Amino acid sequence: MAAWSRRRSLDAIVARRRALAERYRELLAAVPGLVTATDPPYGTTNYQSFWVLLPDDFPVTRNELLSRYEAAGVSPRRGIMASHLEPAYADHPHADLPVTERLARQSLILPLYHELSEPAQDHVVAVLRHAAGTAAA
């Protein structure tokens with residue numbers, strides 16, 4: 001495959017991922033306090049992943065939300081991970097890291113891939129919005 005053809009294909013994949021990320025932001029805007037992934041001020045992202053941060057007053061924990069996703073046939077992942085909270089480092093001393101621990105406890109990564117269909121994305125959003133008590137009428 002010619003280099004220009006690969007580049008055109010990559011550009012199309014990134015454009016699709018960016019469009020899906022924007023759609024996630026629009027569909028999740030009704031969830032009060034939810035923080036979603038955005039472009040950093042210094043550039044644009046390819047949205048290798050789409051993370052969300054649950055607000056402190058979210059009705060369920062991140063782990064409970066992951067269980068609800070599992071029951072709905074959706075596979076999100078834990079978001080930010082903190083090595084000092086992983087079992088392999090349980091006995092190692094560490095500094096107080098309250099921000100890191102909050103991010104680890106309240107973040108998750110929603111499914112995002114360039115072949116994700118809008119109905120599948122709607123399903124992902126519906127589970128989160130239902131858990132938040134903001135399900136669409």
Side-chain angles (χ1 to χ4, degrees):
M1 180 185 291
W4 65 268
S5 180
R6 283 192 302 271
R7 177 59 191 204
R8 190 171 64 197
S9 178
L10 177 60
D11 289 345
I13 289 169
V14 170
R16 173 69 178 154
R17 293 176 77 92
R18 290 185 57 76
L20 288 165
E22 179 59 30
R23 189 166 188 271
Y24 264 139
R25 278 192 296 279
E26 291 169 7
L27 294 171
L28 293 170
V31 180
L34 187 75
V35 177
T36 60
T38 60
D39 284 327
Y42 52 83
T44 57
T45 179
N46 64 6
Y47 288 100
Q48 177 271 331
S49 60
F50 189 84
W51 64 267
V52 298
L53 179 63
L54 303 175
D56 292 336
D57 62 351
F58 198 74
V60 300
T61 68
R62 189 271 323 268
N63 288 346
E64 290 169 359
L65 182 56
L66 289 172
S67 292
R68 290 182 185 202
Y69 271 121
E70 182 181 1
V74 178
S75 296
R77 299 185 320 263
R78 300 188 292 160
I80 306 300
M81 291 188 219
S83 60
H84 73 285
L85 299 177
E86 297 300 314
Y89 294 97
D91 297 330
H92 291 264
H94 64 275
D96 228 12
L97 301 169
V99 173
T100 299
E101 290 169 8
R102 181 177 69 83
L103 292 172
R105 187 177 56 252
Q106 294 175 220
S107 65
L108 67 150
I109 298 172
L110 300 180
L112 180 68
Y113 49 96
H114 70 281
E115 294 174 339
L116 180 66
S117 69
E118 289 183 1
Q121 189 179 34
D122 291 341
H123 182 59
V124 172
V125 169
V127 173
L128 196 149
R129 288 190 60 182
H130 186 266
T134 60

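Keep in mind the model is a prediction, meaning the values are calculated, not measured. Residues take their numbers from the sequence shown, with the count starting at 1.
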Is there a continuous path of hydrophobic side-chain contacts, each under 4.5 Å between heavy atoms, that joins Ile109 to Leu28? no
Check this for me, if you would: do Arg23 and Glu26 make a salt bridge, where the nitrogen-to-carboxylate-oxygen distance has to be below 4.0 angstrom? no
Hey, is the main chain of Leu116 close enough, under 3.5 Å, to the side chain of Arg16 for a donor-acceptor pair? yes
Within the distance-only criterion (no hydrogens, no angle test), does the side chain of Thr134 pair as donor or acceptor with the backbone N or O of His130 below 3.5 angstrom? no
Let me confirm one number: the CZ-CG distance from Arg77 to Leu110, rounded to the nearest 0.5 Å. 10.0 Å
Which atom pair, heavy atoms only, marks the closest approach of Arg25 to Phe50? NH1-CE1, 3.8 Å
State yes or no: do Val60 and Val125 share one hydrophobic cluster built from I, L, V, M, F, W and Y residues joined by side-chain heavy-atom distances below 4.5 Å, directly or via other members? yes
Could you tell me whether a side-chain N or O of Tyr69 sits under 3.5 Å from a main-chain N or O of Val124, the two making a donor and an acceptor? yes
Are Tyr113 and Val127 connected into the same hydrophobic cluster when the rule is that any two of I, L, V, M, F, W, Y join if their side-chain heavy atoms are below 4.5 Å apart? yes
Point-to-point distance, once rounded to the nearest 0.5 Å, from CD1 of Ile80 to CH2 of Trp51: 6.5 Å
Which residue, Leu112, Leu128, Leu66, forms the side-chain contact (heavy atoms from CB on, under 4.5 Å) with Pro76? Leu66
Using every non-hydrogen atom in the two residues, find where Pro55 and Pro32 come nearest and quote the distance to one decimal. CG-O, 3.4 Å
Asp39 versus Tyr47, closest heavy-atom pair with distance: N-OH, 3.4 Å
Validation row: Val74, Pro111 side chains within 4.5 angstrom (heavy atoms): yes
Can you tell me if His123 uses its side chain to pair, donor with acceptor, with the backbone of Ala72 under 3.5 Å? yes
Please determine whether the number of non-hydrogen atoms from other residues, nucleotides or ligands lying under 6.0 Å from atom CD of Glu70 exceeds 12. no
Asn46 side chain to Val14 main-chain N or O, any donor-acceptor pair under 3.5 Å? no
Interatomic distance, Arg102 atom CZ to Leu53 atom CG [nearest 0.5 angstrom]: 5.0 Å
Is the backbone N or O of Leu103 less than 3.5 Å from a side-chain atom of Gln106, with the two atoms forming a donor-acceptor pair by type? no
What pair of heavy atoms forms the shortest contact from Pro59 to Ala132, and how long is it? CG-O, 3.9 Å
Interatomic distance, CD1@Ile13 vs CD@Glu115, rounded to 0.5 Å, equals 8.0 Å
Check whether Arg62 reaches the backbone of Arg78 with its side chain - one donor and one acceptor, N or O, closer than 3.5 Å. no
If hydrophobic clusters are built from ILVMFWY residues whose side chains come within less than 4.5 Å, do Val35 and Leu27 share one? no
Please check if the side chain of Arg129 supplies one atom and the backbone of Ala30 the other of a donor-acceptor pair under 3.5 Å. no
